[in-house]
Protein chains: 2
Amino acid sequence: MLSNKVKYALKAMLHLAREHGKGPVLIADLAEKEGIPKKFLELILLELRNHGLLQSKKGKGGGYSLSMNPDLITMGQIIRLIEGPLAPLPCVSQTRYERCSDCVDEAACGLRMIMKEVRDATARILDGANLKDLLERVERTHAAPEVAMFHI
Amino acid sequence: MLSNKVKYALKAMLHLAREHGKGPVLIADLAEKEGIPKKFLELILLELRNHGLLQSKKGKGGGYSLSMNPDLITMGQIIRLIEGPLAPLPCVSQTRYERCSDCVDEAACGLRMIMKEVRDATARILDGANLKDLLERVERTHAAPEVAMFHI
DNA sequence: GCATACTCTAGTAAATTGATAGAGAAATAG
DNA sequence: CTATTTCTCTATCAATTTACTAGAGTATGC
């Protein structure tokens, strides 16, 4: 299970992607619209900013915005940044590999084999999902019923 | 990331699957061979037993063994039993669905869409991996290099 | 120079994790 | 029948993580 923190981070990034190009968004607005505790969100946005995904502006007319186009930021990136590896076990992580202290023979570990599959499948999905594509997908899914109505 | 507890549980189950049909295995032996703290393993095996995956016998000649054939027990089952849902978010869990309190429109949630994909991919792998198949896979992988030698 | 808005360091209560301890109960050998 | 073996079960505990909250600080712009 993902933590609330990373869930909030993903929701915030998706929100900022939706507002991309329309100027900075206030933390307070973002917090209210997405139902995220404001002070907690501050910490999260700061972290995302300090890792280069966001840019901020102080004072009147300030706020947060993406520091690059939404198609350049993936779900995988955000999760790794806030929570760490996608892998279910450290011994199958690509980004932060760590050997299990209790492992006798890694190559012969059935657990490792199956968890490697899980990590690869997860990474394929999350590293393949950028903010722009995901927003478009949401719109398509949302628009679909209305479009269908026209044909009735 | 999976907890040590569920990692130990999976290792123990795999070990017991390997010994299936050869009589019960002592907790102490299992703990030593798999590098798991004995007292902790006791709790884990008890839990697996109380959920019906294992059977136990007390006294001399006693120990733990699978309560059914290894091909009837999957990785997914064990993980759900010890840790809970496979899903990254409660709102995409099949077994323990729970709505996000901060969610405005579930159907229009991009996060949910992508996490549903992750949960489905994960479940496909883990519910499709039973102990017997996994053991056979380990053996094949392990045997492969030796077989290759014969052809040189 | 004052209001606005982000920045940053601390702190903290509650939950979870990863164990350990020890008394108890059942099975078996002799 | 009793000593030994082995699982059973409840309790406890320290360390870590999670999910926040507080508040002082700093930059920006009108």
Side-chain angles (χ1 to χ4, degrees), chain A residues 1-12 16 19 23-32 34-67 79 81-85 88-90 100-102, chain B residues 1-12 16 19 23-32 34-67 79 82-85 88-90 98 100-102:
Chain A
M1 285 279 178
L2 295 174
S3 63
N4 272 353
K5 187 178 179 186
V6 79
K7 187 181 78 176
Y8 293 158
L10 293 166
K11 283 179 72 173
L16 291 173
E19 302 294 316
V25 176
L26 294 180
I27 297 180
D29 283 2
L30 218 176
E32 203 207 343
E34 298 290 349
I36 304 172
K38 193 195 156 204
K39 278 306 229 175
F40 197 18
L41 182 59
E42 279 183 17
L43 295 183
I44 295 165
L45 295 179
L46 197 59
E47 203 170 332
L48 292 167
R49 185 204 105 113
N50 289 341
H51 280 90
L53 294 189
L54 296 180
Q55 60 191 184
S56 61
K57 220 185 139 195
K58 286 176 176 175
K60 185 134 200 178
Y64 273 99
S65 50
L66 299 186
S67 66
I79 296 174
L81 217 140
I82 299 287
E83 279 229 318
L89 293 176
C100 290
S101 63
D102 54 310
Chain B
M1 283 279 176
L2 296 173
S3 63
N4 271 353
K5 186 177 178 185
V6 80
K7 187 181 76 176
Y8 293 158
L10 293 166
K11 284 178 72 173
L16 290 173
E19 303 294 315
V25 176
L26 294 180
I27 297 180
D29 282 1
L30 186 43
E32 203 207 343
E34 297 290 349
I36 304 172
K38 192 194 157 204
K39 278 307 227 175
F40 197 16
L41 182 59
E42 279 182 18
L43 295 183
I44 295 165
L45 294 179
L46 197 59
E47 203 170 333
L48 292 167
R49 186 204 104 113
N50 289 341
H51 279 89
L53 294 189
L54 296 180
Q55 59 191 185
S56 60
K57 220 186 140 197
K58 286 175 177 177
K60 186 134 200 175
Y64 273 100
S65 50
L66 299 186
S67 66
I79 295 175
I82 298 287
E83 280 229 316
L89 292 175
E98 216 173 302
C100 289
S101 63
D102 54 310

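Every chain is numbered from 1 and lettered A, B, ... according to where its sequence line falls, protein lines coming before strand lines.
The residue among B:E83 and B:G61 whose nearest nucleotide of DNA chain C is located toward the 5' end is B:E83. Each of B:Y64 and A:S3 has a nearest nucleotide on DNA chain D; the 5'-most of these lies closest to B:Y64.
At D:dC7, none of the side-chain N or O atoms of B:R49 fall inside 4.0 Å of OP1 or OP2 (strictly under the cut-off). Applying the 4.0 Å criterion to OP1 and OP2 of C:dT7, one finds that A:N50 has every side-chain N and O outside that range. For D:dT8, the OP1/OP2 oxygens have a side-chain nitrogen or oxygen of B:S56 closer than 4.0 Å.
With rounding to whole Å, B:L2 atom CG is found 17 Å from C:dT16 atom P. In this structure, the CG atom of A:L45 is 15 Å from the C1' atom of D:dC20, given to the nearest Å. The distance from atom CD of B:E32 to atom P of D:dT6 is 14 Å, rounded to the nearest whole Å. Taking atom CG of residue A:L26 and atom C1' of nucleotide C:dT4, one finds them 9 Å apart after rounding to whole Å. Per the geometry, CD belonging to B:E47 stands 12 Å off P belonging to C:dT17, to the nearest Å. To the nearest angstrom, C1' of C:dC6 lies 14 Å from CG of A:L48. Atom CD1 in A:I27 sits about 12 Å away from atom C1' in C:dT4, given to the nearest Å. In this structure, A:I44 places its CD1 atom 11 Å from P of D:dT21, rounding to the nearest Å.
A donor-acceptor contact shorter than 3.5 Å is absent between the side chain of A:K7 and the backbone of B:L89. Listed for the A:E83 side chain is a donor-acceptor partner under 3.5 Å among the backbone atoms of A:S3. Side-chain N or O atoms of B:S67 include one that pairs as donor or acceptor with a backbone N or O of B:G52 at under 3.5 Å.
Contact record, B:E42 with B:I27: CG-CD1, 3.6 Å, taken as the closest heavy-atom pair. Across B:K11 and B:E34, no two heavy atoms sit closer than the pair NZ-O, 2.9 Å. When all heavy atoms of B:G61 and B:P24 are compared, the pair lying nearest together is O-CG, 3.3 Å. Taking every heavy atom of both residues into account, B:A9 and B:I44 meet most closely at CB-CG2, 3.6 Å. For B:Q55 against B:R49, the heavy-atom pair with the smallest separation is CA-CG, 4.4 Å. Contact record, A:L41 with A:A12: CD1-CB, 4.1 Å, taken as the closest heavy-atom pair.
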Protein-nucleotides 19-21 of chain C N/O pairs under 3.5 Å:
{"residue": "C:dA19", "atom": "OP2", "partner": "B:N4", "partner atom": "ND2", "Å": "3.2"}
{"residue": "C:dA19", "atom": "OP2", "partner": "B:Y8", "partner atom": "OH", "Å": "2.9"}

Might you list the N or O atoms of the protein lying below 3.5 Å from N or O atoms in nucleotides 25-28 of chain D, with each pair's distance?
{"residue": "D:dA27", "atom": "O4'", "partner": "A:K58", "partner atom": "NZ", "Å": "3.1"}

